[in-house]
Amino acid sequence: MDLLSDLTPSQREAVTHINGPILVLAGAGSGKTRVITRRVAHLLEAGIPAGSILAVTFTNKAAGEMRERIEALVPDSKVWVGTFHGICARLLRKYAKLVGLDPAFSIYDQNDRRRAVKDLMDIVGWDVPGWTPERIESLISRAKNDLVRPEAWRNRATDHKDALLARIYEAYEERLQAASAVDFDDLLVHMVAILKNHKDVRADLDRRFRYILVDEYQDTNLAQYAIVRALSVDHANLCVTGDPDQSIYGWRGADLANILEFERDYPGSRVVTLQENYRSTKNILAVADHLIQHNLHRKPKSLLTDNPRGAPVELTIYPRETDEAEGVAGRIAGLVRNGEFGYSDIAVFCRMTALTRAFEQAFRVARIPYQIIGGVAFYERQEVKDVLGYLNLIVNPRDDLAFLRAVNVPPRGLGKASVDALTNEARAQGVPLLTLARKAWTVSGLKEKAARAFDDFARLIDDLAALRDHSAEEVIVQMVARTGYRKHLAEDLKAGEDRQANLDELVAAAREFDQVHAGSSIQDFLAEITLASPIDRWEQDTGAVTLMTLHAAKGLEFPAVFIVALEDNILPHSRGNENLKELEEERRLLFVGITRARRELYLSRCCLRSFRGQQQATLASRFLSELPGEIMEVRDLSEMGQEYGRPRPAWFGRSNPPRRPEPRPSAPPTFRLTTAAALGTPASGAPAAGPVDLDSLRPGVSVVHPEYGLGKIVAVDGAGPNRKGRVSFVVGPERTFVLAKSPLRAVGRGGKTP
DNA sequence: TTGAGCTCACTTTTT
DNA sequence: GTGAGCTCAA
């Protein structure tokens, strides 16, 4: 295939440039991905061996897509494509010893890190109020990405708080090292250390990866920059692509200077600018352009397109968040009904995952299929983490966190007291928990029963560890068989079936991994899934509307896009309101969202939003006033509150409504559930019509749930206030409820109708 | 030691 | 309003 014929002169220039550094400044929708893949293909065609090409992307999904596209152009090429983290993980397996790690090191995810930080806060006696583990965790993460070591914190600490912080950071690092574990950031940090301290390795890798491509270069942080820099000393055939206007990861340490100063870093570099947009209509681009012009710290550039003008961008102002959700749902239903778009052509973007709830509900009611990106990732589910705990411990016996996760799952009578006794002794001796568990009877203060249980557990792990070189699937199946884990899951009446399904899915994922990566190890499987993100599992063509955050939307495009909740303190986020730098990043975030849209763009906000369960008046996002209102279609429905039901205060929808009075104190919880009438109170909070007879909720009875709609009880279990019922809904999966606490009401025979 | 209630924090954004 | 994690009772 001709790689160049359908490219513009600038694109062609970027594709055909082979030796020496090149910066491709690619505006949104300017065909950047196409340029990168073609460039790789062109390099291969020019006779560059695939093994000397390294392509770095930001997400696994982007990596997968690029691999696919390269594959389509040049089948069977062995180009290295991956994320910074993934690539570093692979390299680190090889060079682990250089940084004092076992090659079988574990990768700790955010959860693991949080547990460790929390634990260390207790150990150092954290006493500064107002600090959550998350906050400390993100400081540590930020330090690592900025290549700041614990010693620097210690030396700089001037007050009590900073000294404690330094101790936590230091102890955290020690703990990771002792467990031969790394967190996400360490993958980069260790790599940087290796490249810096081992000249031979650096030179080898520089030579090996003669041609490097880095996508989304505007989002690289110092650690990533250092890695790229170290690999481009002797062979600076470095091609970076990016768009400063799409830098949205400053909070994670991304430094715009990396891209802005590329030419200074790499003298003699070529710069190619891709300006023309092939994605969006003129109207959409005009809105994006107006907005981004408000960023002061920016190289001026404009977005051009030959695409048609298209429909005007619509801004709708709704009274309440439920109205917004319903309005968007209605609009989507209309677009699909007209045959204009399919569900998978449509995406809804919001600033925070927490905002998706109202939309989920509205979509469910409107029978609109949807998928959410984000939220609890599959691999963070409890049952999945349980199994992964076992796998991690098998692979890396020093992984204490994995030990703690696995040791009492399923419950084998090892509670806090026993585990604490073991942990304390292990700390004192400086040995891994699993090692000590093998001779648990030597631990003082441990009951014989507990010692036996530890011993059994250690044997179990040893037995499973014998399978270390088998496939991940095999080990999981064995683990489940030997521990009765499935039975344990089944005991959870409420979510047991979902959990078993998740377990099956994990097994399937392991099987698939074994098939795709023949000859790979359990470690590889663990690394892959630990580094996986929700967006990686997303597929565009599932016939469902996609609901995701603006951050997740980067790099994607949709024919129709809705951006919701354009309100101050949401977008821009409250923390982004404080300084100009963060405000500009928030603006770029909205810019990224707008430029995802191909044909139609719908913006919306509402005037009253419930926050933490409380209704609060909102302010319009300041960004709305930065858009070209004259070419947009603005629909203000905020004055139409009457149509949405309840009458509302006169100030409704005005800019600065008075605060609502404090809500009346709710009845004490003990009182709340003592009467049958209270149990049956509908969600609206209106007084119950009368006592609800729990006995009317029995198998076969039709019920209605305010959220999930109509269903039928298929099973009940237990008695009294804990009686649980399983309901099969007309739409959606079966769900289980504690009947006395659920808002379920029987309909038809035997039930009370409102 | 375990389970069930209760409290409380959640609201950035992700590898 | 809600889920996760924690404390307290059995």
Side-chain angles (χ1 to χ4, degrees), chain A residues 56-63 82-89 107-111 113-115 118 132-134 138 141 144-145 182-188 216 219-221 223-224 248-254 349-358 361 373-377 380 382 408 411-419 447 449-450 453 491-492 495 527 530-536 548-554 565 569-577 582 585-586 588-589 592-593 609-615 666 668-670 672-673 683 685 707 721-722 738 741 743:
Chain A
V56 189
T57 61
F58 205 70
T59 63
N60 294 297
K61 180 168 181 59
T83 63
F84 272 105
H85 296 266
I87 288 165
C88 288
I107 301 175
Y108 281 4
D109 67 10
Q110 203 161 357
N111 253 312
R113 178 202 279 167
R114 182 154 316 161
R115 285 167 68 131
K118 218 180 217 171
T132 60
E134 291 77 22
S138 74
S141 171
K144 291 191 176 192
N145 283 304
V182 300
D183 64 19
F184 285 159
D185 307 313
D186 285 336
L187 291 169
L188 307 175
E216 310 282 13
D219 283 324
T220 50
N221 57 39
Q224 292 161 336
I248 53 175
Y249 285 100
W251 53 275
R252 223 168 85 184
F349 300 154
C350 55
R351 180 65 178 82
M352 306 171 280
T353 39
L355 295 172
T356 55
R357 185 164 279 154
Q361 193 162 331
I373 312 303
V376 181
E380 279 166 30
Q382 166 100 54
N408 204 29
R412 47 176 71 86
L414 290 168
K416 194 172 180 310
S418 309
V419 172
K447 294 214 172 85
K449 201 177 129 213
E491 281 163 12
D492 179 354
T530 309
L531 295 175
S533 79
I535 185 86
D536 301 332
M548 61 166 76
T549 64
L550 286 161
H551 281 87
K554 194 176 72 163
N569 293 326
I570 291 181
L571 185 67
H573 189 267
S574 47
R575 285 189 218 175
N577 253 332
E582 285 175 24
E585 181 155 313
E586 295 286 313
R588 289 193 295 266
L589 194 51
V592 166
R609 180 174 297 279
S610 56
F611 219 60
R612 288 182 177 156
Q614 287 220 15
Q615 291 240 308
S666 49
T670 44
R672 204 174 68 212
L673 292 177
E707 191 175 336
N722 291 326
V738 176
K741 290 180 189 166

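As a basis for the values below, the full set of heavy atoms in this structure was taken, side chains included, without hydrogen atoms, waters or symmetry mates. So you know, we letter chains A, B, ... as the sequences are listed, proteins then strands, and number each from 1. Everything numeric here is computed off the predicted structure, so don't read it as measured data.
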Checklist entry - Using atom C1' of each nucleotide, how far apart are B/dT11 and C/dT2 to the nearest Å? => result 13 Å

Checklist entry - Listed by chain and number, what are the side-chain hydrogen bond (donor to acceptor under 3.5 Å, both in side chains) partners of A/Thr356, not counting sequence neighbours? => result none

Checklist outcome for this item: Taken to the nearest whole Å, CD/A/Gln224 to P/B/dT14 is 15 Å

Checklist entry - Just by distance, do the side chain of A/Asp183 and the backbone of A/Gln110 share a donor-acceptor pair under 3.5 Å? => result no

Checklist entry - Is it true that a side-chain atom of A/His573 and a backbone atom of A/Arg351 form a donor plus acceptor pair closer than 3.5 Å? => result no

Checklist entry - For DNA chain B, whose closest nucleotide is more 5', that of A/Phe58 or that of A/Ala354? => result A/Ala354

Tabulate protein N/O versus nucleotide N/O from nucleotides 1-3 of chain B, keeping only pairs under 3.5 Å, one per line.
residue	atom	partner	partner atom	Å
B/dT1	OP1	A/Gly415	N	2.9
B/dT1	OP1	A/Ser418	OG	2.6
B/dT1	OP2	A/Ala417	N	3.3
B/dT2	OP1	A/Gly413	N	3.0
B/dT2	OP2	A/Asn408	ND2	3.2

Next on the checklist: I'd like to check the side chain to side chain contact (heavy atoms under 4.5 Å, CB included) partners of A/Thr549; sequence neighbours left out, ordered by chain and number.
Outcome noted: A/Thr353, A/His551, A/Ala552

Next on the checklist: Rounded to whole Å, how long is the line connecting atom CZ of A/Arg114 with atom C1' of B/dT14?
Outcome noted: 12 Å

Item to check | Whether A/His85 stacks on the six-membered ring of B/dT15 base, 5.5 Å and 30° limits | outcome: no

Checklist entry - Does A/His573 put a side-chain nitrogen or oxygen below 4.0 Å from OP1 or OP2 of B/dT12? => result yes

Checklist entry - If you check the A/Thr132 side chain, which of B/dT12, B/dT14, B/dC10 turns out closest? => result B/dC10

Checklist outcome for this item: Residues at least two apart in sequence or cross-chain that pass side-chain hydrogen bond (donor to acceptor under 3.5 Å, both in side chains) with A/Asp185, listed by chain then number, are A/Arg113, A/Ser141, A/Asn145

Item to check | Selection from B/dT13, C/dT2, B/dC10 that lies nearest to any side-chain heavy atom of A/Met352 | outcome: B/dT13

Checklist entry - Is any side-chain nitrogen or oxygen of A/Thr549 closer than 4.0 Å to OP1 or OP2 of B/dT12? => result no

Checklist entry - How far apart are the closest heavy atoms of A/Ala450 and A/Leu414, and which atoms are they? => result O-CD2, 3.6 Å

Next on the checklist: Does a side-chain N or O of A/Lys118 approach OP1 or OP2 of C/dC6 to a distance below 4.0 Å, or not?
Outcome noted: yes

Next on the checklist: Would the base of B/dT13 count as contacting A/Arg351 through its side chain, where contact means a donor and an acceptor less than 3.5 Å apart?
Outcome noted: yes

Item to check | A/Glu134 CD - C/dG5 P separation (whole Å) | outcome: 10 Å

Item to check | Whole-Å distance separating the CZ atom of A/Arg113 from the P atom of B/dT14 | outcome: 15 Å

Item to check | Value in whole Å for how far the P atom of B/dT14 lies from NZ of A/Lys554 | outcome: 11 Å

Checklist outcome for this item: note: A/Leu589, atom CG; B/dT12, atom C1'; distance rounded to Å ~ 9 Å

Item to check | Those residues that, when tested against A/Ser138, pass side chain to side chain contact (heavy atoms under 4.5 Å, CB included) (two or more places apart) | outcome: none

Checklist entry - Rounding to a whole Å, what distance do you find between A/Tyr249:OH and B/dT12:C1'? => result 11 Å

Next on the checklist: Nearest whole Å is fine: how far is B/dC10 C1' from A/Arg357 CZ?
Outcome noted: 10 Å

Next on the checklist: Checking A/Arg609 now: which residues fulfil side-chain hydrogen bond (donor to acceptor under 3.5 Å, both in side chains) with it, not counting sequence neighbours?
Outcome noted: A/Glu324, A/Glu567

Checklist entry - A/Phe84 on top of B/dT15's base, within under 5.5 Å and under 30°? => result no

